[in-house]
Amino acid sequence: SSAVPLSEIEKNEEDWQLAQTYLNRFYKLKDSSAGFASKNRNYVSKSSLSNKIKKMQEFFGLEITGNLDSATMGIMEKPRCGVPDVAE
Amino acid sequence: YNHFPGTIKWKKDKITYRILNYTPDISSTDVDTAIWRALKIWSDITPLKFTRIFEGEADIMISFGAREHGDNYPFDGANGLLAHAFPPAAGIGGDTHFDEDETWTMGSNGYNLFLVAAHEFGHALGLAHSRDPGALMFPTYTFASVNEFRLSQDDVSGIQALYGASNEIKPNPRPQPPKTPEKCDPYLSFDAVAGLRGEMLFFKDRFFWRRHPQMPEAQLTLINSFWPKIPAKIDAAYENFERDFLVVIQGNKYWAVNGYDVMPGYPKNIRRFGIPSSVRKIDAAVHIRTTSKTLFFAGDQYWSFDETKRAMDEGYPHLITDDWPGIPARVDAAFEQHGYIYFFRGPAQFLYNIREQRVLQIDRINQWVGC
């Protein structure tokens, strides 16, 4: 097996960062369940992230995979309005 | 469309607005005009009346700011977040903020202030984001010609659900707002169909469905959201495999698209293919890999262009019905796959076997877009 090139790891890391910021801003990412305790204020469980990705994919009529596929990243990178899609 | 939780709306029809500051990107007169026009699209179709004030607290306070600008919802520099607005309420309710780090424009070379303001004022009046990709209230920005701009039916239905229709008698009734195509519409027809690097694209009005072979669902997107530099609506399209680009045709012009980019030097005139100037519109185009021929259909005729020789084949045009038994006299769209040509006419598709030279099957077209 060959090591994943550093640039790809960084790219993935970048995508996840962008996704977390995006989902936090527009899909209420932070898990508000009372028992949710985490050392790192920004820690978000993978399943919570995947659920929010599904919510976003459903909103935009994308294939609902819960993964950061290219179509999903493509939407996240588009210029847009700052109002949340899932309104509080 | 969506409203905010609690269906928040203004409890009055007379709403004031005040422009607190300006962007250096465009003249203050242009900003005034863009704001006025952006409010007018909503007042034209509801009983709402907007009045500008120049001091004191207005319902809709409009300002340009960058990064943290006083409401605890910071902007993020150029691109990304463009603006935001607060739902109807006293105080900050209705207020609308534009990110000063963007390049604001009255045209298309930057973010068009009218289009963004019209969207944000939808929020300031009580509309949340819509899932309809053809709606103004869709979350992402897509440039559209300001002079041809019209609210979609989704936007009109959403705002009139809050405030009702305009109570003014209009001398000349407004044309019907544009509707977003429905994948299960039994009368659906396609404007154009083409493959692109393994995916299928089905064009209809300002939109296209993008479908990946392994995916049952097809994603509906505005054409200009993907390709801002081609026309909002096209007549025909085909994939040029040899040169790995998509050709889209509108009127007597064509564009070559490589991925997201329109290739330099386009649009070109379809005369270059040898199509006579009497042809004003191409209905369908299809590239056949095995013969390296591209067929152009217009009215009840078609032409055959040899991509290898880069020249029109002799003796064309032919009548469609002469060479394609079982295919209607006119077609809307066509594409080739694995030795078959799929012809589309209205709600029907005709599966044509090139080698056997006959139609094998006739189906409804909705299945291609997930219905």
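Below, chain A is the first sequence line, B the second, and so on; all start at residue 1. All values below come from the heavy atoms of this structure, side chains included, with hydrogens, waters and symmetry mates left out.
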Peer 1: Is it the backbone or the side chain of F86(B) that comes under 4.5 Å from a heavy atom of chain A, or both, or neither?
Peer 2: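 It is neither, since no heavy atom gets under 4.5 Å.
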
Peer 1: Report the option among H129(B), H119(B), H97(B), H84(B) that has the most heavy-atom pairs separated by less than 4.5 Å from atoms of chain A.
Peer 2: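 Option with the greatest count: H129(B).
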
Peer 1: Are there more than 12 heavy atoms of other residues, nucleotides or ligands under 6.0 Å from atom NZ of K229(B)?
Peer 2: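 12 or below, so no.
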
Peer 1: Assess whether atom CD of Q160(B) is packed by more than 12 heavy atoms of other residues, nucleotides or ligands within 6.0 Å.
Peer 2: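 Yes, because the 6.0 Å sphere around CD of Q160(B) holds more than 12 heavy atoms from other groups.
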
Peer 1: Please classify the contact between S130(B) and chain A as side chain, backbone, both or neither, with a heavy-atom cut-off of under 4.5 Å.
Peer 2: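 Contact with chain A is through the backbone of S130(B) alone.
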
Peer 1: Is a donor on one side and an acceptor on the other found under 3.5 Å between the side chain of N112(B) and the backbone of L115(B)?
Peer 2: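 Answer holds: yes.
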
Peer 1: With heavy-atom distances below 4.5 Å as the criterion, would you say the side chains of P84(A) and Y27(A) are in contact?
Peer 2: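 Counting from C-beta outward, P84(A) and Y27(A) never come under 4.5 Å.
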
Peer 1: Check for me whether the distance between the ring centres of F138(B) and F60(A) falls short of 6.0 Å.
Peer 2: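 That pair passes the under 6.0 Å test.
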
Peer 1: Quick check on E120(B) against chain A: is it the side chain, the backbone, both or neither that has a heavy atom closer than 4.5 Å?
Peer 2: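 E120(B) touches chain A through side-chain heavy atoms alone.
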
Peer 1: For D76(B), is it the side chain, the backbone, both, or neither that has a heavy atom closer than 4.5 Å to a heavy atom of chain A?
Peer 2: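 Interface part for D76(B): side chain.
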
